[in-house]
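I have placed the structure first, in the form of structure tokens, so that the comments after it can refer back to it.
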2 protein chains.
Amino acid sequence: MNTLAYGLLGLVARTPSSGYDLMLQLQPFWQAKHSQIYPLLAKLEQEGYLEFTRIHQTDRPDKKVYSITEKGQIALQVWLSEPAAEPVVRDELVLKTYCLGLADENAAATMFVERIQQCREHLDMYEHYIQEYQADAVDHPHPPDHPDHPAFGEYILLSWGARRMKEDIAWCEWVLELLQKRR
Amino acid sequence: MNTLAYGLLGLVARTPSSGYDLMLQLQPFWQAKHSQIYPLLAKLEQEGYLEFTRIHQTDRPDKKVYSITEKGQIALQVWLSEPAAEPVVRDELVLKTYCLGLADENAAATMFVERIQQCREHLDMYEHYIQEYQADAVDHPHPPDHPDHPAFGEYILLSWGARRMKEDIAWCEWVLELLQKRR
DNA sequence: GTAGACATGTAATCTGTTACATGATTCG
DNA sequence: CGAATCATGTAACAGATTACATGTCTAC
């Protein structure tokens, strides 16, 4: 049982889903390819943490919809009560920034301009989903920023993503300003 | 040649260092164990990107000090001119947050309190190094936030780290406030 | 008709972690 | 005398990516 396995249990516990669906849901918060997810789901099913039903679809290929078992729920509870490991960040830009002095002036600036664009795309996505949740919340007795709202977890994560992107953009812009002093 | 390999080239290009030293320098920005670094350095040396001299020390064990070759410098230049890949983040807290509704109330709050402590420790470290650089900068013709200062890369990275930690702490505190509404 | 989304899988390879292994020196 | 830091390495394993493989349906 690794972190990705628990992550899948968590997603499935909220909403039974297919492997393809889980891959898409997970994407913004934990990068994993389908080639890693499908075998893991099969293993979790064999070991009794998950079960699946094959859903026949006429318009699309059939899919396996996984749902969590009692054993899975217990494992999830235990994992949630343990302290979270420190995050791992692997960002090529960080390593390149370290030796910025060796880079061509234009290349250096381009790096940060490109990162700003990447961040803005992610930011737009996060903000789009935040608006969606806020619109959905009209039907619920609790607003989306209330811990009893079923989408509370997603909501605070989306706001985490948006905050991070804004902060990274601000940093890149600050670096670009400093780089112009060189001229 | 992978990202870590270029990262090592970059560090060595700035200051010839031993594997042990590289491991420590790299730690805050790219997590890699010595068991990954030593074989990589040997490979980079065999392929002519790096060379080393064995330094005899009386007070400590001998060490291999690596420096960059011309071939290494060219490879580094090429890498620096290519666009940086998008960052990969693997944070267990993110996955746990996703299924916050399933967690025990106390466990949920504890998660964020612990993360705040982790972030504060990192923040203290970043700020400590920032102050060191600012103190060192007295001897230099350029202030540390000028792109021609030799430690410019480190300086802006440290400020990136500090910004991120502050932002994460603020987010955790916001979540803790929301969680108290549950009571 | 072809590109893209939906849907699931396996195999080969690369990357990264944990554990095994050794040994000197310093500080409490 | 034991723990921590400095110093370098290998082996086994786990985690993750890329490539291989297949097939349907929809929209342009």
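What you see is a predicted model, and the numbers here were worked out from it, not measured in a lab. Note on naming: letters A, B, ... go to the chains in the order of the sequence lines (proteins, then strands), and numbering restarts at 1 for each one.
Straight-line distance from the CG atom of B:Asn2 to the P atom of D:dA16: 16 Å, rounded to whole Å. Atoms NZ (A:Lys64) and P (C:dC6) sit 19 Å apart, rounded to a whole Å. The interatomic distance linking A:Leu4 (CG) with D:dA16 (P) rounds to 6 Å, in whole Å. Note: CD (B:Glu92) to C1' (D:dG15) measures 14 Å, nearest angstrom. Atom OH of B:Tyr38 and atom P of D:dA11 are 17 Å apart (whole Å). Atom NZ in A:Lys63 sits roughly 25 Å away from atom P in D:dT22 (whole-Å rounding). The distance from atom CG of B:Leu24 to atom C1' of D:dC6 is 9 Å, rounded to the nearest whole Å. For the pair A:Met23 CE and C:dA5 P, the interatomic distance rounds to 11 Å; values are reported in whole Å.
Between A:His34 and A:Tyr38, the angle of the ring planes goes over 60°, which puts this pair in the perpendicular group of the 30/60° scheme. By the 30° and 60° cut-offs, the orientation of the rings of B:Tyr6 relative to B:Trp79 is parallel. Below 30°, between 30° and 60°, or above 60°: for A:Trp174 and B:Tyr155 the angle between ring planes is between 30° and 60°, a tilted geometry.
One finds the CG atom of B:Leu9 at 9.5 Å from the CG atom of B:Leu40 (value rounded to the nearest 0.5 Å).
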Between A:Asp148 and B:Lys181, does the salt bridge (charged side-chain N to carboxylate O under 4.0 Å, His left out) criterion hold? Intermediate values first, please. CA-CA 9 Å; A:Asp148 289 331; B:Lys181 287 190 191 167; over 6 Å; no

List the steps and the verdict of side-chain contact (heavy atoms from CB on, under 4.5 Å) for A:Tyr98 and B:Gln25. CA-CA 11 Å; A:Tyr98 208 96; B:Gln25 280 178 256; 3.8 Å; yes

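Remark on DNA chain D: of its neighbouring residues A:Met1 and B:Asp62, the 5'-side contact belongs to B:Asp62, judged by nearest-heavy-atom nucleotide. If A:Trp30 and B:Pro39 are placed on DNA chain D by their nearest nucleotide, the residue sitting closer to the 5' end is B:Pro39.
For the pair B:Gln57 and D:dA7, the criterion of a side-chain N or O lying under 4.0 Å from OP1 or OP2 is met. Between B:Tyr20 and D:dT8 there is no side-chain N or O to OP1 or OP2 distance below 4.0 Å.
In this structure, B:Glu70 has no side-chain contact (heavy atoms from CB on, under 4.5 Å) partners at least two apart in sequence or on a different chain.
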In the 5'-to-3' direction, what one-character label does each nucleotide of nucleotides 17-24 of chain C receive under the scheme B = base within less than 4.0 Å of a protein heavy atom, S = sugar-phosphate only, - = no such atom? BBB---B-

